[in-house]
Every structure is written in C-alpha cells, then in structure tokens.
Amino acid sequence: MRIIDVREVTKPIASPIRNAYIDFSKMTASLVAVVTDVVKDGRRVVGYGFNSNGRYGQGGLIRERFRDRILEAAPDSLVNDAGTNLDPHRIWAAMMKNEKPGGHGERSVAVGTIDMAVWDAVAKIEGKALFQLLADMKGREADPRVFVYAAGGYYYPGKDNSALRKEMRTYLDRGYTVVKMKIGGASIDEDRGRIESVLEEIGSEAQLAVDANGRFDLETGIAYAKMLGDYPLFWYEEIGDPLDYALQAAISEFYDAPMATGENLFSHQDARNLLRYGGMRADRDYLQFDCALSYGLVEYLRTLDVLRQFGWSPSRCIPHGGHQMSLNIAAGLGLGGNESYPDLFQPYGGFPDGVKVIDGHITMPELPGIGFEGKADLIKVMRELAE
Ligand SMILES: O=C([O-])CC(=O)C(=O)O
Ligand SMILES: [Mg+2]
C-alpha cells in the first residue's frame, strides 16, 4: 500500500465581501488529492482536502516541500504496523522533517490541507465515515447530530441594514438558530445600528454572534465590550491580534458574556499559550481552532490533549472554516459544533446534498471518508484533479 501522488491546484474563492481586516476579492484555496494504489469497490482510493478561507492557496509550499517528502519517504514508513492502512501520524512526521519549531505561519495551512486528504483516504480504506473512525479510535460513541451556525453579515459595497436583515432572515428560513455578523469595519455607532437591526430582525428566533477579526487595539476592544454588553449576544469573537493573549485576558474584565477566538492560532503550542495567558473561561468561552489551517487533525488531536490538561471540554470547540472535516471531528470527538457559511466559499463549504439544518443542527450521513462524494458540485472539481 502506498501513496503514488500528491496533487495540488489553487482555485479562486473570491467574493466582494470584506471583514474588519481583509477583503476577499483575491481569495484562493488549495485543493489537494492524495492518490493511493488501493482499489476499493472497483474505484481507486483518492483522499481529498482543501484549506479554509482566509489564508490563500498553498501550492508553492506543497510543491516545493511537503509533496516531495511524502513521495520520497519509504512507502512502508507511512503505513500502520499491520500494513493495513496509511498512518496519518507517520505521514505528518514525514512532511515535517527538517522543519524548525515555532513560527507557525503558512506552512501549517499546507500541511493541514494534505492531512485532510490523508484522513479522507484512511477512512475510505477503512470503509467508514471519518466521524465513525474517530469515535472508534477513541472508544467513544459518535453523535452524528452537530450544531451549526450561519456565518455571514460581511461588509459589502452598497449593503445597508435592510440588506443585512434580509440576509439574516434567509439563515433563519434555512433552519439556523445562531447567526454571525462582522463588526469593526465601520464606526462603533454604525456597528451598534447594524447589531440593533439584526437583533430586531431575528427577535427570539435566533441568537447573534459578532466577529471583529482581530481588528481592535485594547482601547477599542474595551469600548466595543461596553457597547456589546447592552445586548444578549451569543459571542464576541477575535477582538484583538490573535497572538496578543494579554489583550484577550484584559477584555474579560469588561465582558462577562461568552467570547470566542482561535481561528488564527495554528499549533497546539499557540493554543496552549492562549489557555495559559489569554484569560479564557472554560465555563463559557469558545475555541475556534481550524484543523485545515493548523497542521490538520494530527495536530488538532494534540490541541485537544492540551485542552484536557487545562480542564477544557472538547464541547467548547466550535471550529472556524465551515468544512466537512470539522463536522466529522465534531460528530466523532464531541466538539460543540461547527461554523457554516450558507452562501460563501462554494463548492468547498457546506454539507452533503440533501442535508438540512433543522433547529440549528445537521445530521451527518454515513458516507465513507469525509463525505465529499455526497456533495455533487464539490466531488466534481475534486475528481477533475484526480480520481
Ligand atoms: O472573515 C473571515 O476571515 C472568516 C472568519 O473570521 C470567520 O468565519 O469567523
Ligand atoms: Mg472569525
């Protein structure tokens, strides 16, 4: 059993939206195929992966370093002891050979994208849904019903409060019970008006989370904390620079309700620093580490170990990114849910065809691997890369 190729193509996921920090007019993502020599039910096993929005495609790093390290490793060194399947941990170690510690920049995205494809292949070889494989691996019961929330509410040319309200209404119509909008890309007064409009629209049908995308300095973060304290929000997200743990800790003195952060922390060491120094509260705050940006599930398992050491339940994790990989981790390992972008980043995000959001939850179908084969528009572009 061996990996015979690792292919990458960089695809556009551009849109005219903007958060408080970046616009998405030139956004791209890497699509990766890990091609194996295994044939199952008459079809070659190919694992697929892609990176989440926000960090651009990783073709350069994948082609220059990570692909070759996999293809040049002795095939026997990448499989489990019994030789019955690929071993994601050994493949991860092969990719990370000759990489110094620290400095968790874009390479974590490249590795995370390939790691997603490896797990997809491993679960397909096993003939199981990935969430079932993960639950079995940890000796726990899978729960295929997963909480999802609708992320949107971006700044957009010409978008006024009535358009924002309409957008949120469509999420409620589609079964969501928590919606998210951007803040910090306008004045605080303007953002207060946007928040009030949305709250008026959703009433008691749903809750609202707000996301500052790391835009605020301490003073602005506190000013917003005081303003937001007037409203019953689901969470206040990514207030300041992702690595400024002292800022995060200081805000908790001004904001009692739940906060969320972590989508731009890319390693278990960074996650540990957040829990050590960020003043995050295990009884109410949320952690948004996204395996597709942060060295994949092999690393995410280490991050979950860190959480355990610090007394955090995996149910406090609601990852960033809106992809099926995190849905599988949620269903298999007991995370608190997953992000979803109902109208953005297609065909990569979302659910297998026919999956409906009911009362803010989806139910995972039993598809082998991550489940990409159940989403027609997505598997089409994946098979164009390799099958
Ligand atoms: O706008 C973005 O970069 C995405 C984001 O923060 C989120 O989904 O929480
Ligand atoms: Mg965010």
Side-chain angles (χ1 to χ4, degrees), residues 12-29 50-57 106 108-109 112 147-157 159 164 167-168 171 176 178-186 191 194-195 198 207-216 221 224 228 233-244 247-248 251 258-266 270-271 274 278 280 285-294 316-327 330 335-346 348-350:
I13 50 166
S15 67
I17 58 174
R18 166 175 84 78
N19 65 34
Y21 227 103
I22 62 166
D23 69 57
F24 286 74
S25 60
K26 300 237 161 45
M27 188 53 62
T28 58
F50 51 85
N51 65 272
S52 303
N53 71 82
R55 288 283 160 178
Y56 302 95
E106 305 278 281
S108 67
V109 184
F147 165 72
V148 289
Y149 72 93
Y154 280 82
Y155 300 97
Y156 188 103
K159 182 176 183 179
L164 180 61
E167 179 193 340
M168 297 297 161
Y171 300 149
Y176 290 96
V178 175
V179 297
K180 185 165 93 180
M181 63 182 274
K182 298 300 176 182
I183 58 168
D191 276 341
R194 293 170 65 249
I195 289 166
V198 171
Q207 285 183 280
L208 173 65
V210 297
D211 184 359
N213 284 96
R215 176 82 269 178
F216 299 150
Y224 267 79
L228 297 173
L233 297 179
F234 192 72
W235 72 47
Y236 177 20
E237 174 176 333
E238 211 180 29
I239 296 147
D241 186 90
L243 292 168
D244 191 341
L247 179 149
Q248 178 66 38
I251 300 287
M259 292 190 279
T261 194
E263 71 178 65
N264 290 303
L265 298 183
F266 290 169
D270 284 343
L274 176 69
M280 300 287 286
D285 291 333
Y286 293 94
L287 303 170
Q288 301 172 295
F289 317 120
D290 175 357
C291 67
L293 300 177
S294 56
R316 302 314 303 169
C317 294
I318 301 185
H320 164 272
H323 47 77
Q324 292 182 62
M325 180 71 180
S326 286
L327 285 176
L335 308 187
N338 195 31
E339 183 166 19
S340 128
Y341 308 93
D343 297 324
L344 296 168
F345 313 126
Q346 289 304 321
Y348 304 97

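As the structure lists them, so they are numbered: ligands from 1, and atoms in each ligand from 1.
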Under 4.5 Å between any side-chain heavy atoms of [X] and [Y], yes or no?
| X | Y | result |
| --- | --- | --- |
| Met181 | Asp191 | no |
| Ile22 | Met27 | yes |
| Arg316 | Met280 | no |
| Asn19 | Asp211 | no |
| Asp290 | His323 | yes |
| Asp343 | Tyr171 | yes |

Does the residue Lys182 have a heavy-atom contact with ligand 1, meaning some pair of atoms that are separated by less than 4.0 Å?
yes

Is the OH atom of Tyr156 crowded by more than 12 outside heavy atoms at less than 6.0 Å?
no

For a quick check under 3.5 Å, do Lys180 and Tyr149 share a side-chain donor-acceptor pair by atom type?
yes

With backbone taken as N, CA, C and O and side chain as the heavy atoms from C-beta onward, which portion of [X] lies under 4.0 Å from ligand 1: side chain, backbone, both, or neither?
| X | result |
| --- | --- |
| Gln288 | neither |
| Glu339 | side chain |
| Phe345 | neither |

Under 2.8 Å from the Mg ion (ligand 2), can any N, O or S atom of Glu238 be found?
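Coordinating: no.
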
Contact atoms of ligand 1, heavy-atom distance to [X] under 4.0 Å:
| X | result |
| --- | --- |
| Lys180 | 7 (C), 8 (O), 9 (O) |
| Asn53 | 4 (C) |
| Glu263 | 5 (C), 6 (O), 7 (C), 9 (O) |
| Tyr154 | 1 (O), 2 (C), 4 (C) |
| Tyr341 | 4 (C), 7 (C), 8 (O) |
| His320 | 4 (C), 5 (C), 7 (C), 8 (O), 9 (O) |
| Asn19 | 1 (O), 2 (C), 3 (O) |
| Phe24 | 1 (O), 2 (C), 3 (O) |

Flag the pair Phe234 / Tyr286 as yes when their ring centroid distance falls below 6.0 Å, and as no otherwise.
yes

Assert yes or no for the condition that the ring centre distance of Phe24 to Tyr154 is strictly below 6.0 Å.
yes

In the protein, what heavy atom is nearest to atom 6 (O) of ligand 1, and what distance, to one decimal place, separates them?
Asn213 ND2, 2.8 Å

For Glu237, the N, O or S atom at the shortest distance from the Mg ion (ligand 2) is OE2

Give, rounded to 10 degrees, the angle between OD2 (Asp211) and OE1 (Glu263) as seen from the Mg ion (ligand 2).
180°

